[in-house]
Amino acid sequence: MTKKIDKLVKDGPLVINIGLRSFFEASKTQGIPVVHIKWEPPARGNRELLHLLDKLL
Amino acid sequence: MAIVRTHLIHQEYRDSVQLMRAASSVSKEIDGVKIASVMMGTTKNKPLLEEVGLLTPEANIADANDIIISIRADSETSAEAAIGFILDYLSQSVQSSHDSTLLYRSIRGALAGLPGANLAVISVPGEYAARDSHIALMNDLNVLLFSDNVSLEDEIRLKKEAHSKGLLLMGPDCGTAMIKNVGLGFCNIVNPGSIGIIAASGTGTQEVMTLCHHLNLGVTHAIGTGSRDVTDAVGGITMIDGLRALERDTSIKLIILVSKPPEANTISKIVREIRNCSKPVIINFLGKHHGYCDFPNKSVTVDTLEDAAYTAATFIQSGKLTRTTIQFDDEVKVAKSLREAKQRLHPDQKFIRGLFAGGTFTFEAAQIIRDLLLTKDSLYTNIHLDGTRIIKNVKTSQGNTLIDMGADEFTLGKPHPMIDQTERTQRFLKEINDPETAVILLDFVLGYGSHPDPVLDMEDAFLQWKKNNRFIPIVAHVCGTPLDPQDYNNSLNRLASHGVITMPTNAQAAKLAALIASKKDKIEMK
């Protein structure tokens, strides 16, 4: 079985960027396939609520 | 009397780099602003506001999705102007980001938008980073985890999960990586080639890859492990998976490994892995002198990042795996600088003051200066290295002092010096007014992620330095290549035009600074 890590180094990165927008822009500038997730703290930053939601999922 | 004003933007999340840039710009653009802070209303950020007296009742009710703009200014007019400036700044960055690719809200959604995606680059606040990394791994994505403040337990759990699925998890706190010549995080652009790097150090990777470029070598991969990977608790999972991946990649002929020395059990595992590797490996365990893992034609250890690059050049050119070291590329320039320093330095000027943006640059310079200082004076730093002392007050130099200005004590709630040099500039002005300063040592890091023109950021300070009656040499190293988004050659030329002595590597800059402070008038190494 080809490891997924080998496919990454062979094919090059196809990126999902989560967080700093400047990293998304740097990947775009280098011409690689990249999509950006507009991230915000889940459950409005309420850790207890997030923990409960994760349990439900 | 100073006044404090707070303005909240409800339910509008922005990343820390955008917010810090806004805060940094307003301090430079609006007169009368004493402190400007723009941050999300998280439980981690509120104590930072409280510390500087900006946690007003209004700021205190903000939640993690609210932006808190806090200003301390000389007058109501300045405070209002500052808030207006920041609102404009943030709305402009929203307009420039209107792009259909920004619509994704989840990893699953993003995977639908980019089928075949194979890497998640995660730079969310540390408290959420492990959760997002786990989701990425569950979706068969390799992960570059840039975020810091991820717990050791989470790191171990995530790395084991990645390993069991044949995925790579780089980080946490992985600042730099390159996959198939694509730079990720803070990364320089270099020629592609047959070298693969594995490193537990961001700026260490950047130094080795840029020096390889200048030596006409090419680098295709740089796998970042995160600094805790080589502890026995983690056991080098990413370093070993990375080594094996480079071993299997037929485009790679030579591997360079850079890290702080691994802990006892992990170093044994890594040495075993290197012995089983069919490709030659050059090893720089920072702070450790060579000779601990040398097997003929298989592996060689070196003392510095520049030695790693020069040793790689020897191998690529001759096929021989031989440790290659140099003292200085340009001995004439060094000799001239030493003669001038010896003639012009006042007897009271005795000490090196190093103000670094790169953590590994601080570490490497401390290692070199510790070994070279020809005086009995101690070397004080805010990093941990045998033979040096921890500085009592990180804000005030004592004797020979090297400071990593990217350390937590400088960057809590403030931008890293690779992004904004306000703190470093203020410290520089303090050092040039200290009668005991003999030489100032600086690094400038180019590449994606870094400030668009770090030299420009310090040019006002250099003008003040030139007006100073006291002669103080400045020695600087620029880590970059002509392929970087910043103008590498122009950066060097502008530094030289100010009278800054530029050196081609961090190691050579440190060596020159040590010789200047020792008041040697010729190249004479211990």
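For the numbers below, each heavy atom of this structure counts, side chains included, while hydrogens, waters and symmetry mates do not. Sequence lines set the chain letters: A, B, ... in the order given, protein chains first and strands last, and positions in each chain run from 1.
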Chi angles and distances behind the side-chain contact (heavy atoms from CB on, under 4.5 Å) call for B:Leu119, A:Leu14 = CA-CA 6 Å; B:Leu119 177 69; A:Leu14 280 76; over 6 Å; no
task = Please lay out, stage by stage, how A:Trp39 and B:Asp132 fare under the test side chain to side chain donor-acceptor pair (under 3.5 Å).
result = CA-CA 10 Å; A:Trp39 187 90; B:Asp132 283 337; 2.9 Å; yes
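When the candidates B:Ser123, B:Ala129, B:Pro485, B:Gly185 are compared by the number of heavy-atom contacts under 4.5 Å with chain A, B:Ser123 comes out ahead. Heavy-atom pairs under 4.5 Å with chain A were tallied for B:Thr220, B:Asp63, B:Asp241, B:Asp66; the largest tally goes to B:Asp63. When each of B:Met40, B:Lys180, B:Arg244 is checked for heavy-atom pairs under 4.5 Å with chain A, B:Lys180 comes out on top. Between chain A and the options B:Asp140, B:Thr42, B:Thr250, the largest number of non-hydrogen pairs under 4.5 Å is found for B:Asp140. The residue among B:Ser147, B:Gly196, B:Ala120 with the most heavy atom pairs within less than 4.5 Å of chain A is B:Ala120. Among A:Gly31, A:Pro33, A:Pro42, the residue with the largest count of heavy-atom pairs under 4.5 Å with chain B is A:Pro42. The greatest number of non-hydrogen atom pairs below 4.5 Å with chain A, out of B:Ala245, B:Gly449, B:Gly183, is found for B:Gly183.
Contact of the A:Ile16 side chain with the B:Tyr104 side chain is not registered, since no non-hydrogen atoms from C-beta on lie closer than 4.5 Å. A:Ser22 is not listed as a side-chain neighbour of B:Gln18, based on a closest heavy-atom distance of 4.5 Å or more. In this structure, B:Phe186 and A:Phe23 have side chains that are in contact, with non-hydrogen atoms separated by less than 4.5 Å. Within the 4.5 Å cutoff, the side chain of B:Asn118 has no heavy atoms near those of the A:Lys4 side chain. You'll find the side chain of A:Glu40 reaches within 4.5 Å of the side chain of B:Arg105, heavy atoms only. In this structure, the side chains of B:Asn142 and A:Ile5 come closer than 4.5 Å at one or more pairs of heavy atoms. Between A:Lys3 and B:Arg248, some side-chain heavy-atom pair lies under the 4.5 Å cut-off.
Taking all atoms of both residues into account, the shortest heavy-atom contact from B:Leu184 to A:Ser27 is CD2-OG, 4.4 Å. Looking at every heavy atom in both residues, A:Gly19 comes nearest to B:Val124 through CA-CG1, 4.1 Å. Nearest heavy-atom pair, A:Pro41 versus B:Ala64, reported as atom, atom and distance to 0.1 Å: CG-O, 3.7 Å.
Only the side chain of B:Leu141 comes within less than 4.5 Å of a heavy atom in chain A; its backbone stays farther off. Contact of A:Ile32 with chain B is made through the side chain alone, with heavy-atom distances under 4.5 Å. Heavy atoms of B:Glu127 lying under 4.5 Å from chain A belong to its backbone as well as its side chain. Both the backbone and the side chain of B:Leu111 come within contact range of chain A, with heavy atoms under 4.5 Å apart. Interface remark: B:Ser251 contributes no atoms to any contact with chain A (heavy atom separation under 4.5 Å).
Put simply, SG on B:Cys187 and CD on A:Gln30 are 7.5 Å apart, with the number rounded to the nearest 0.5 Å. One distance of note links CG of B:Leu114 with NE2 of A:His36; it measures 14.0 Å at 0.5 Å rounding.
Checking each of A:Val34, A:Ile18, A:Val15, A:Leu20 against B:Val121 for a side-chain contact (heavy atoms from CB on, under 4.5 Å) leaves exactly one that passes, namely A:Val15.
Summarising the local packing, CZ of B:Arg157 is surrounded by more than 12 heavy atoms from other residues, nucleotides or ligands at distances under 6.0 Å. Annotation: A:Lys10, atom NZ; neighbour count of heavy atoms from other residues, nucleotides and ligands within 6.0 Å does not exceed 12.
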